[in-house]
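Just below is one structure, and these are the notes that go with it.
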Amino acid sequence: MLYRGRFAPSPSGPLHMGSLVTALASYVDARANKGEWLVRIEDLDPPREKPGAAKHILSDLIIHGLHWDGEVIFQSSRLKAYESALSYLIKTNAAFKCICPRKRLNNDGTCASKCFLRQHYLSEKFAFRFEYDPRASIKINDFILGEKIWKNQDLPKDFVIRRRDGLFSYQLAVLVDDISQGITHVIRGSDLLDSTPKQHEIGSALNFPQLKYGHIPTITDTEGKKLSKQTFAPPIDGNQAVQNLRQALLLLGQKQPDNILKTPSGILRSAIEFWDRNTIPKEMTLTNLPIKN
Ligand code: GLU
């Protein structure tokens with residue numbers, strides 16, 4: 001099977017257990033399917049970046065034995081590709097300029113001021129919105145969560161693909177890069193599940209092949225809060241790489257590697273050998289862990 005997966009962190013902080021779980025799942029799934037695994041740094045939003053975070057993430061991946069194929073791509077070097085995808089969307093009437101701030105949108109997110117009727121006259125700062133083609137529903141066969149259906153009324157409308165400040169949105173950039181890097185399988189956190197129909201629609205408008213998606217349940221901490229950089233999840237300790245990998249495998253519902261394995265590469269070899277997508281739990285809580293650091 002042709003398989004190329006990836007891990008695509010934003011450099012807004014160091015790796016925490018949640019991002020390690022995502023990195024590990026995408027790596028092991030790729031290797032278990034004899035696939036390649038790429039790393040892309042999604043540094044599109046400078047105000048949200050932490051200086052040094054990209055370097056820190058890459059060195060943490062190496063410390064955990066998660067070696068990638070090819071060169072690491074930085075999204076900040078890919079603006080021309082996003083510009084040309086946007087031009088195509090404008091040319092095919094799938095994107096339009098919009099001057100409306102959030103409070104001037106309709107409840108369903110559509111532009112209330114009919115900006116699309118005034119495309120040639122808009123001189124203020126404008127965003128580009130993707131004009132969503134209303135359908136009955138979108139169905140995705142998530143290879144971890146199973147079938148996911150979004151009904152038309154739940155689907156995001158007229159969402160931004162380039163912001164008023166000129167920054168490209170994650171939705172457009174991630175898809176352009178996944179396709180241009182030849183990615184076939186995307187494994188990422190369930191916090192991004194609602195982005196999937198948006199990316200699906202942008203992909204159809206750009207005539208891109210469809211990607212296969214698998215979403216890992218978000219991990220909650222002992223108080224039920226989602227583990228993320230925004231909730232100040234503690235960074236993983238690089239000196240505990242083997243323990244971290246064992247914890248991540250437990251969270252992923254995978255067989256624990258034999259106790260005699262004491263190196264990241266040994267743990268990863270075992271993880272690849274016994275990898276089973278079907279045992280990934282639907283919920284992950286840190287309290288489930290018998291292993292303590
Ligand atoms: N850059 C995103 C993040 O760090 C992940 C993007 C993706 O996997 O699609 O949350």
Side-chain angles (χ1 to χ4, degrees), residues 3-30 35-50 52-58 60-61 66 68 72-79 81-82 85 140 142-145 148 156 159-161 163 167-203 206 208 210-219 226-233 235-236 248 252 280 284:
Y3 188 123
R4 187 178 278 173
R6 51 68 160 181
F7 176 54
S10 308
S12 50
L15 281 191
H16 52 79
M17 186 47 79
S19 38
L20 180 68
V21 165
T22 306
L24 180 66
S26 61
Y27 173 89
V28 178
D29 197 72
E36 293 174 314
W37 186 70
L38 275 47
V39 172
R40 180 173 69 235
I41 299 289
E42 304 214 312
D43 55 344
L44 264 191
D45 193 351
R48 288 190 52 221
E49 278 160 37
K50 290 263 168 357
K55 226 168 130 194
H56 200 147
I57 292 172
L58 294 174
D60 270 342
L61 291 176
L66 301 168
W68 54 87
V72 174
I73 296 279
F74 286 74
Q75 287 194 319
S76 52
S77 69
R78 300 264 310 139
L79 302 184
Y82 313 143
I140 305 239
D142 188 293
F143 59 82
I144 293 172
L145 298 179
K148 289 276 151 201
F159 54 87
V160 170
I161 49 175
R163 294 176 359 190
L167 294 181
F168 284 97
S169 79
Y170 154 70
Q171 308 297 352
L172 180 70
V174 77
L175 191 72
V176 168
D177 285 341
D178 279 341
I179 297 300
S180 77
Q181 291 191 281
I183 301 299
T184 57
H185 292 67
V186 171
I187 290 193
R188 59 186 178 192
S190 293
D191 50 332
L192 293 169
L193 186 60
D194 285 342
S195 291
T196 307
K198 297 184 189 175
Q199 291 162 26
H200 182 276
E201 288 306 289
I202 298 176
L206 289 169
F208 284 170
Q210 289 300 333
L211 295 162
K212 294 189 172 60
Y213 289 98
H215 289 87
I216 299 285
T218 335
I219 306 177
K226 194 192 111 184
L227 216 61
S228 75
K229 287 169 220 159
Q230 286 71 32
T231 58
F232 306 106
I236 45 168
L252 286 164
I280 297 175
M284 295 186 192

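Owing to the predicted nature of the structure, the values given are computational and were not obtained by experimental measurement. For ligands, and for the atoms within them, numbers begin at 1 and follow the listed sequence. Values below: all heavy atoms of this structure, side chains included; hydrogens, waters and symmetry mates excluded.
- Ligand 1 places these atoms under 4.0 Å from at least one heavy atom of Tyr170: 6 (C), 7 (C), 9 (O).
- Here Pro9 has backbone heavy atoms under 4.0 Å from ligand 1, and that is the only part of it that gets that close.
- Taking CZ of Arg188 as the start and OG1 of Thr218 as the end, the distance is 12.0 Å to the nearest 0.5 Å.
- Remark: side-chain polar atoms of Arg4 are paired, donor with acceptor, to backbone N or O of Gln181 under 3.5 angstrom.
- In summary, the atoms of ligand 1 found under 4.0 Å from a heavy atom of Val174, numbered by their order in the structure, are 9 (O).
- In this structure, His185 and Tyr3 have parallel ring planes: the angle between them is below the 30° cut-off, well short of the 60° mark.
- For the atom pair Ile144 CD1 and Leu252 CG, the distance stands at 8.0 Å (nearest 0.5 Å).
- Residue-ligand proximity, Arg6 to ligand 1, at heavy-atom distances under 4.0 Å covers atoms 7 (C), 8 (O), 9 (O).
- The residue among Ile57, Leu192, Asp43 with a heavy atom at the shortest distance from atom 10 (O) of ligand 1 is Leu192.
- Atoms OG1 and CG, from Thr196 and Leu145 in turn, are 9.5 Å apart once rounded to the nearest 0.5 Å.
- Close approach of ligand 1 to Glu42 is summarised as follows: ligand atoms under 4.0 Å from at least one heavy atom of the residue are 1 (N), 2 (C), 5 (C), 6 (C).
- Here Asp191 has no heavy atoms under 4.0 Å from ligand 1, in either its backbone or its side chain.
- One side chain, Ser76 or Asp43, offers a donor N or O that lies under 3.5 Å from an acceptor on the other.
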